[in-house]
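Shown next, in structure tokens, is the structure this report addresses.
Throughout, a chain's letter reflects where its sequence line sits, starting with A, and its residues are numbered from 1.
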There are 2 protein chains.
Amino acid sequence: MEPISNTERKSLKQTVIQEIKSYIIEHGLSEGDKLPTERKFTEMYGVSRSVVREALSYLENTGVISIRQGQGATLSRSNIDKLLSNFFFLWKINGGDFEEVLSLRLIFESSAIDEIIRNDEAEQFAALEAVLKRYDTVDSAARFREIDREFHEQLLRSTGNDLFIQMTSIITNYFFEVAPSIDLSSEEIKKMLKEHREIIEKIIDKDAEGAKKILSGHLGNVRKD
Amino acid sequence: MEPISNTERKSLKQTVIQEIKSYIIEHGLSEGDKLPTERKFTEMYGVSRSVVREALSYLENTGVISIRQGQGATLSRSNIDKLLSNFFFLWKINGGDFEEVLSLRLIFESSAIDEIIRNDEAEQFAALEAVLKRYDTVDSAARFREIDREFHEQLLRSTGNDLFIQMTSIITNYFFEVAPSIDLSSEEIKKMLKEHREIIEKIIDKDAEGAKKILSGHLGNVRKD
DNA sequence: AATTATAAATTGGTCTGACAATATTATATC
DNA sequence: GATATAATATTGTCAGACCAATTTATAATT
């Protein structure tokens, strides 16, 4: 392998990143496969270990690979989620408005309703109903929180579009991580569970507008809290 | 400042990342502000320059800061977009289906239509109409491509929700980057421009269903190509 | 022979110190 | 005052060493 020279604008790190990505493609690697060690890459590309480490580090930070001490680097499952914790960090620092997160949840979940009804797959309806069956186990505010999250996640998941699920889950996850845990009364919990039930029923009845209307109110309640 | 010791599970790098993030918050830094130099952090936290470099590198890779040789590190504008090129790299390697990208565009742009109509802001309608005004300048397939992209981007932008715009633009950008440039006949171009026009007109008439129907067909044409 | 304990080798993590490449700042020159 | 030049500051790359965690090979035990 030819050593890499640094005559161009690109930094060595950038070049090595490209090389490693090419290596992954050329060797047909996929999820779980192991990459060569740092020292191997050092020899292969004729650059210092620092550069190789920074390149591998970049690939790890952007979710491409997973590195463990004493073990090496393996290709990851594609996962947007991890990438974005820092996005929200920055977004918040630069004056990001939490209202936007709430309104984005409504947008995404509304389109999920449309999509689920459009796809019309029995399997997905069943998955939604399955959530309802767990509702008699709700005996505390903490448990409701879990169930609530499950409901919203299943709503997104039932679209069956993996990209959609990953991208929209980011918002849901962020919301549940930063939202303060409110002490809900058992009446409020009951009301919210009822809304969940109604939303799912409307979906199964293929009444998109009806479902979205209830959802809008449901998320409106959350906003008030 | 107390030197950091490594008694816990977390790696030094992780710890320093947290420290730097705290530094950013405590000093109230925001977009464009400069961070201390590598050597300063080295002194502050009592760790080697390697660790500081890897921590800063992480923050750069995840979009928090921007580093330039001889200059230093500054806080970035929050920007999801850049982060995700590697997500798509991995997604593709693991057998990602391009159909999903197309279907996701339809989902996102449909919800954009709903949202624009719901918000009902004259300013946003005007922005959409402004795109139409540029349609007499379309004299080639390449120019149409530009205009087409502009149209879809404006559709997302008119929702006015910055998070929504950023997250959905990812898909649009990815699409236009990887989609092969088809040689469209001038009849086909005319037809597509007409569809754009109709979609915008329906939106202004607050006919969400009508607009979404045309959009669905419009993106369906793209799929065939 | 199979299992378990121990030692060796592998591999990523951290440290140190040096020099190169780039950007900024101070200085000298006109 | 404007412009070129030199000095300084800052990140980028290199080399080699040792530390920490994991895996693999070897020895001991049953």
Side-chain angles (χ1 to χ4, degrees), chain A residues 1-20 23-24 27 29 32-76 82, chain B residues 1-20 23-24 27 29 32-76 82:
Chain A
M1 173 94 34
E2 281 297 305
I4 295 168
S5 63
N6 200 4
T7 52
E8 297 150 29
R9 276 263 175 271
K10 272 201 294 190
S11 69
L12 271 177
K13 176 179 151 189
Q14 288 302 325
T15 314
V16 171
I17 290 170
Q18 274 312 314
E19 290 290 333
I20 294 178
Y23 178 96
I24 292 170
H27 289 71
L29 303 186
D33 291 339
K34 287 190 77 165
L35 267 69
T37 67
E38 291 178 355
R39 274 127 174 143
K40 285 259 175 60
F41 276 129
T42 300
E43 287 175 24
M44 286 165 67
Y45 302 137
V47 296
S48 75
R49 201 177 147 212
S50 327
V51 173
V52 171
R53 273 184 68 77
E54 296 207 349
L56 286 170
S57 205
Y58 170 82
L59 292 173
E60 186 185 32
N61 296 338
T62 54
V64 177
I65 64 177
S66 163
I67 303 177
R68 270 175 301 183
Q69 183 167 354
Q71 196 164 3
T74 56
L75 260 155
S76 305
K82 185 181 78 175
Chain B
M1 175 94 32
E2 282 298 304
I4 296 168
S5 65
N6 201 6
T7 51
E8 300 150 28
R9 274 263 174 275
K10 272 201 296 188
S11 69
L12 272 178
K13 176 178 150 189
Q14 289 302 326
T15 314
V16 172
I17 289 170
Q18 274 311 315
E19 289 290 335
I20 295 179
Y23 179 95
I24 292 171
H27 288 73
L29 303 186
D33 291 340
K34 287 191 77 166
L35 267 70
T37 67
E38 293 178 354
R39 265 115 179 158
K40 286 260 174 59
F41 278 128
T42 300
E43 288 175 24
M44 287 165 66
Y45 302 137
V47 296
S48 75
R49 203 179 143 212
S50 326
V51 173
V52 172
R53 273 185 68 77
E54 296 206 348
L56 287 169
S57 205
Y58 170 82
L59 292 173
E60 185 185 32
N61 296 338
T62 53
V64 177
I65 63 177
S66 163
I67 303 176
R68 270 176 300 183
Q69 183 167 354
Q71 195 166 2
T74 56
L75 261 156
S76 304
K82 183 182 78 176

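Judged by distance alone, with hydrogens and angles left aside, the side-chain atoms of Lys13(B) form no donor-acceptor pair with the main-chain N or O of Ser50(B) at under 3.5 Å. Formation of a donor-acceptor pair under 3.5 Å by the Lys40(A) side chain with backbone atoms of Leu35(A) is not found in this model.
In the set dC15(C), dT10(D), dT11(C), dC15(C) carries the atom at the smallest distance from any side-chain atom of Val51(B). Of the candidates dT23(D), dG13(C), dA18(C), the closest approach to any side-chain atom of Gln71(A) belongs to dT23(D). Ranking dG13(C), dT10(D), dC14(D) by closeness to the Thr37(B) side chain, first place goes to dT10(D). Of the candidate nucleotides dA21(C), dT14(C), dA21(D), dT14(C) has the atom lying nearest to any side-chain atom of Ser11(B).
For Arg49(B), the salt bridge (Lys or Arg N to Asp or Glu O under 4.0 Å) partners at least two apart in sequence or on another chain are Glu38(B).
In plain terms, the two heavy atoms of Lys34(A) and Leu29(A) that are nearest each other are O-CD1, 4.1 Å. For the pair Ile20(A) and Ala55(A), the tightest heavy-atom approach, listed with the atom from each and the gap, is CD1-CB, 4.3 Å. Across all their heavy atoms, Val47(B) and Thr42(B) have their closest contact at O-CG2, 3.0 Å. When every heavy atom of Ile65(A) is checked against every heavy atom of Ser76(A), the shortest pair comes out as C-OG, 3.1 Å. Considering every non-hydrogen atom in both Ile67(A) and Leu56(A), the closest pair reads CD1-O, 3.9 Å. Of all non-hydrogen atoms in Pro36(A) and Tyr23(A), the two that sit nearest each other are CG-OH, 3.3 Å.
Put simply, the side chain of Arg49(B) and the base of dG12(D) share a donor and an acceptor less than 3.5 Å apart. Taking only distance into account, the side chain of Gln69(A) meets the base of dA20(D) through a donor-acceptor pair shorter than 3.5 Å. A donor and an acceptor atom sit less than 3.5 Å apart, one in the side chain of Arg39(A) and one in the base of dG12(C).
Atom CG of Leu12(B) and atom P of dA21(D) are 11 Å apart (whole Å). For Glu54(A) and dC14(D), the CD to C1' distance is 12 Å, given to the nearest whole Å. Atoms CD (Glu38(A)) and C1' (dA21(D)) sit 13 Å apart, rounded to a whole Å. Between the P atom of dT10(D) and the CG atom of Leu35(B) lies a distance of 13 Å, rounded to the nearest Å. When the P atom of dA9(D) is taken as reference, atom NZ of Lys34(B) falls 13 Å away, rounded to whole Å. The interatomic distance linking Lys40(A) (NZ) with dT10(C) (C1') rounds to 10 Å, in whole Å. Arg53(B) has its CZ atom 17 Å from the P atom of dA20(C), to the nearest Å. Put simply, CD on Gln14(B) is 12 Å from C1' on dG13(C), counting in whole angstrom units.
Of the side-chain N and O atoms in Ser48(A), none sit less than 4.0 angstrom from OP1 or OP2 of dT13(D).
Remark: nothing in residues 58-65 of chain B comes within less than 4.0 Å of DNA chain C through any heavy atom.
Base contact: Ser50(A) has a heavy atom under 4.0 Å from a base atom. Ile67(B) comes within 4.0 angstrom of the backbone, heavy atoms only, and of no base. Arg68(B) comes within 4.0 angstrom of sugar-phosphate atoms only, judged by non-hydrogen atoms across all strands, and of no base.
The distance from atom CD of Glu54(B) to atom CD of Glu60(A), rounded to the nearest 0.5 Å, is 9.5 Å.
Remark on DNA chain D: of its neighbouring residues Leu56(B) and Gly70(A), the 5'-side contact belongs to Leu56(B), judged by nearest-heavy-atom nucleotide.
Comparing the helix axis at one end of the helix from dA1(C)-dT30(D) to dC30(C)-dG1(D) with that at the other, each defined from 5 consecutive pairs, gives an inter-axis angle of 0° (nearest 10°).
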